[in-house]
**Q** 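First, the structure itself, so that you have it in front of you.
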Amino acid sequence: MSYQILDNKISRFTNNTIFFLAAVCFVAVVIRFYYFPHGIPLSLDTLSYFFYANDVSILGELPAGYHFPNNGWPVFVSFFFSMFHSSNLLDYMDLQRYISITLSIVTVVPVYFLCKRFVEKKYCLLGAALFVFDPRIIQNSIQGDTQPLFILLSAVALALFFSNNIRTTYIAFSIAALSSLIRYEGLLLLIPFSVMFIIRFRKEPKIILKCCFVVVIVLAIIGPVSYFRTTSIGNDGLTSQVVGGAVAADILIKENGENGGINFILNGFINLTKSLGWILIPIFIFFVPIGVFYFVRKKEQKHAAIIFMLLMMLIPALYAYSRDIRELRYLFIVFPILCVFSSFAIERLLDKNNGKNIILTAIICGIIIASLGFLDYKKINYDHEREAYEISKHISRITKVTNDYYPETKYTRLPVDMQGLPTVFNGTKFGPEFIPVEGFDSLEKFIESSNNRLDHLVLDGAESRPTFLNDVYYNKREYPYLIKEFDSTELGYRYHMIIYKIDYEKFVEYKVQSTSMSQN
């Protein structure tokens with residue numbers, strides 16, 4: 001009896017959709033801010049987007065000098081930058097992350113309505129929870145990257161497309177077109193949309209005219225943006241990326257010989273399968289396989305449509321993995337559909353069970369616990385990252401040309417002084433030039449290969465560094481031509497980084513002595 005009472009009480013909670021989603025979002029926000037990288041600047045691609053957004057907010061136009069095609073995200077961020085005022089660069093970077101987090105949280109709404117097209121309300125709530133608590137979605141949301149906005153728009157487009165109202169479907173096409181301005185892969189979503197639109201509404205009067213209207217909607221959105229992109233960076237960032245990808249694939253296939261095409265595709269499928277298996281861990285692995293099984297058996301048009309859309313959305317990942325670019329972010333776009341599969345599976349499994357609400361609550365709690373466990377296991381050492389950033393300022397001041405020491409090099413792309421905004425970054429280069437260390441087995445060969453351009457060595461003794469650099473780190477006395485100019489431990493840092501200046505006069509003397517000794 002008490003079991004049934006508890007189930008009824010939980011049912012009252014889950015039946016209040018707004019309250020339940022609000023509670024889920026609150027917990028999701030808390031988790032994201034617990035793992036928020038306070039005091040750590042943006043880096044790599046997200047830093048490029050930041051510079052672009054900053055310049056757009058100041059100039060009021062698309063700046064020249066940037067060559068990445070996906071400028072929809074930084075343009076979106078620039079609107080918020082223009083309304084925000086601070087003299088500290090880190091404040092703007094945090095704002096970019098806050099926007100990303102907000103978009104990730106808001107995505108629970110379209111995921112909920114997408115699941116509602118296939119399962120009962122209580123299972124839709126579970127689908128929304130699966131998305132917002134997935135550890136990789138959480139990790140991605142705090143990086144300030146393009147994915148949260150891209151996923152949000154794609155999820156909205158999917159949820160709207162499955163409406164029975166043709167006018168709502170028109171809106172779905174417009175949202176899908178907008179998603180392609182964030183990442184050009186969004187164009188692929190238009191293909192299954194177009195095919196299914198014709199199949200669903202083929203008996204409608206004036207279907208050809210309605211198809212033409214869809215084309216006008218899409219072109220009205222992507223056309224002007226393509227024009228402005230072409231005038232600013234020389235390509236539209238859409239068809240140019242598709243053509244460029246095809247050319248790159250053709251080159252790789254020809255380089256691999258007679259069976260290059262087969263090997264190229266086979267490599268992509270193998271890597272895609274591995275990556276799909278990996279993203280299912282730790283949450284989706286229990287539900288997605290069962291959901292796919294039931295989905296395939298359900299011979300309805302909308303079920304076939306979502307599988308068709310999934311396959312189309314996997315094409316960019318297949319292409320990337322064929323080129324051995326093994327980044328899981330290419331698969332984030334399919335997470336809303338994985339939530340549909342999972343909620344569908346759970347509905348089928350619990351269909352005839354008593355105490356459904358208790359089980360659903362237990363599953364959500366298990367999801368949160370599994371996610372937190374995964375996040376802690378994969379947690380970045382923020383103390384190390386903060387120190388690497390602070391030390392990078394010294395490296396930028398001291399060196400002009402030095403050895404590559406990735407990944408810590410990512411922070412040298414920042415200005416040493418993070419104050420003094422607003423300022424335009426277009427064309428500005430920060431930090432030293434880095435010379436790759438791969439392919440060398442001795443310091444002398446590495447120095448000589450630079451034609452006396454290398455002025456400093458930056459060493460931290462990490463296991464990932466080449467043996468000849470770590471030999472310098474641990475046996476400095478054997479290299480008399482190196483002069484220590486910086487030691488991070490002397491400033492109280494736990495991350496031990498040493499900067500040595502190369503004295504080329506002593507280096508020549510050392511080479512002469514080494515040669516004479518070897519001859520004797």
Side-chain angles (χ1 to χ4, degrees), residues 107-121 123-124 127-128 131 150-223 238 242 288 291-318 333-345 347-348:
T107 307
V108 299
V109 177
V111 169
Y112 167 83
F113 283 105
L114 176 61
C115 293
K116 197 174 180 180
R117 306 295 185 190
F118 299 91
V119 296
E120 294 180 10
K121 185 174 71 173
Y123 301 104
C124 302
F131 176 84
F150 182 51
I151 297 171
L152 172 60
L153 292 176
S154 301
V156 170
L158 287 168
L160 293 176
F161 184 80
F162 285 98
S163 170
N164 293 323
N165 189 327
I166 192 170
R167 294 180 180 178
T168 305
T169 308
Y170 291 148
I171 300 175
F173 273 99
S174 65
I175 301 298
L178 283 173
S179 75
S180 70
L181 304 181
I182 309 303
R183 295 191 63 85
Y184 68 90
E185 296 98 314
L187 285 174
L188 290 174
L189 196 57
L190 294 172
I191 298 175
F193 273 21
S194 300
V195 173
M196 297 310 302
F197 179 84
I198 295 172
I199 293 174
R200 287 175 60 192
F201 301 107
R202 64 186 181 278
K203 296 181 180 180
E204 289 276 331
K206 301 179 181 179
I207 181 61
I208 296 177
L209 184 62
K210 291 174 181 178
C211 290
C212 292
F213 182 61
V214 168
V215 174
V216 170
I217 291 174
V218 173
L219 293 179
I221 293 173
I222 67 176
L238 294 169
V242 176
V288 169
V292 172
F293 173 76
Y294 282 119
F295 241 73
V296 172
R297 293 182 61 186
K298 197 85 172 178
K299 298 179 181 180
E300 294 184 16
Q301 188 182 95
K302 64 180 181 180
H303 292 78
I306 199 97
I307 293 176
F308 180 30
M309 292 173 185
L310 171 69
L311 295 176
M312 291 301 300
M313 293 161 75
L314 287 175
I315 290 177
L318 176 63
I333 185 59
V334 304
F335 272 54
I337 295 179
L338 297 184
C339 293
V340 173
F341 290 153
S342 298
S343 58
F344 194 79
E347 182 184 51
R348 291 295 179 274

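This one's a predicted model, so the numbers in the text were calculated from it and none came from an experiment. Atoms considered below: every heavy atom in the structure, side chains included; atoms not considered: hydrogens, waters and symmetry mates. Here, residue 1 is the first one in the sequence, and each next residue gets the next number.
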**Q** How many angstroms lie between CD1 in I307 and CD1 in I337, if you round to the nearest 0.5 Å?
**A**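 Interatomic distance, I307 CD1 to I337 CD1, rounded to 0.5 Å: 9.5 Å.
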**Q** Drop me the distance from S179's OG to I333's CD1, to the nearest 0.5 angstrom.
**A**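 One gets 7.0 Å once the value is rounded to the nearest 0.5 Å.
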**Q** Which residues pass the side-chain contact (heavy atoms from CB on, under 4.5 Å) test with V292, sequence neighbours left out?
**A** V288, V296, F341
**Q** Kindly determine whether V218 and F213 satisfy side chain to side chain contact (heavy atoms under 4.5 Å, CB included), including the steps that lead there.
**A** CA-CA 9 Å; V218 173; F213 182 61; over 6 Å; no
**Q** Can you tell me how far the OG atom of S343 sits from the CZ atom of R348, to the nearest 0.5 Å?
**A** 10.0 Å
**Q** Pick one: which of L114, V334, V111 meets side-chain contact (heavy atoms from CB on, under 4.5 Å) with C339?
**A**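 Answer to the side-chain contact (heavy atoms from CB on, under 4.5 Å) test with C339 among L114, V334, V111: V111.
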**Q** Is any side-chain heavy atom of I306 less than 4.5 Å from a side-chain heavy atom of F295?
**A**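 Yes, side chains in contact.
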**Q** Quick one: which residue pairs count as a side chain to side chain donor-acceptor pair (under 3.5 Å) with a foot in residues 301-311, not counting sequence neighbours?
**A**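 Every candidate side chain to side chain donor-acceptor pair (under 3.5 Å) pair involving residues 301-311 fails, so no pair, neighbours aside, qualifies.
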**Q** State the SG-NZ distance between C212 and K206, to the nearest 0.5 angstrom.
**A** 13.0 Å
**Q** List the residues meeting ring-ring contact (aromatic ring centres under 6.0 Å, His included) with Y294, not counting sequence neighbours, and say none if there are none.
**A**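 Result, ring-ring contact (aromatic ring centres under 6.0 Å, His included) vs Y294: none returned.
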**Q** For the residue pair L187 and S180, what are the closest heavy atoms and their distance?
**A**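 L187 and S180 have their closest heavy atoms at N-CB, 3.7 Å.
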**Q** For E347 and F118, what are the C-alpha separation, side-chain angles and deciding distance, and is it a side chain to side chain contact (heavy atoms under 4.5 Å, CB included)?
**A** CA-CA 10 Å; E347 182 184 51; F118 299 91; over 6 Å; no
**Q** If you look only at distance, which donor and acceptor atoms sit under 3.5 Å apart when one is on a side chain in residues 157-173 and the other is two or more places apart or in another chain?
**A**
unit_1, atom_1, unit_2, atom_2, d
S163, OG, N165, N, 3.1
N165, OD1, R167, N, 2.8
T169, OG1, N165, O, 3.2

**Q** What residues, two or more places apart in sequence or in another chain, satisfy salt bridge (Lys or Arg N to Asp or Glu O under 4.0 Å) together with E204?
**A** K210
**Q** Determine which pairs satisfy salt bridge (Lys or Arg N to Asp or Glu O under 4.0 Å) with at least one residue from residues 182-203, sequence neighbours left out, and list them in order.
**A** R183-E185
**Q** Of the non-hydrogen atoms in V119 and F344, which two are nearest, and what is the gap between them?
**A** CG1-CA, 3.6 Å
**Q** So which atom in P192 and which in F308 form the shortest heavy-atom distance, rounded to 0.1 Å?
**A**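 Looking at all heavy atoms of both residues, the closest pair is CA-CE2, 3.5 Å.
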**Q** Can you tell me how far CD1 of I191 sits from CE of M196, rounded to the nearest 0.5 angstrom?
**A** 14.0 Å
**Q** Step by step, work out the side chain to side chain contact (heavy atoms under 4.5 Å, CB included) result for M313 and L189.
**A** CA-CA 7 Å; M313 293 161 75; L189 196 57; 3.8 Å; yes
**Q** Output the distance between atom CD1 (I217) and atom CD1 (I222), rounded to the nearest 0.5 Å.
**A**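 With rounding to 0.5 Å, CD1 (I217) is 12.5 Å from CD1 (I222).
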**Q** Using a 4.5 Å cut-off on heavy atoms from C-beta on, say whether the side chain of I207 contacts that of C211.
**A**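 Contact flag for C211/I207 side chains = yes.
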**Q** Would you say I151 and F131 make side-chain contact, with heavy atoms under 4.5 Å?
**A**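 I151 vs F131: side chains touch.
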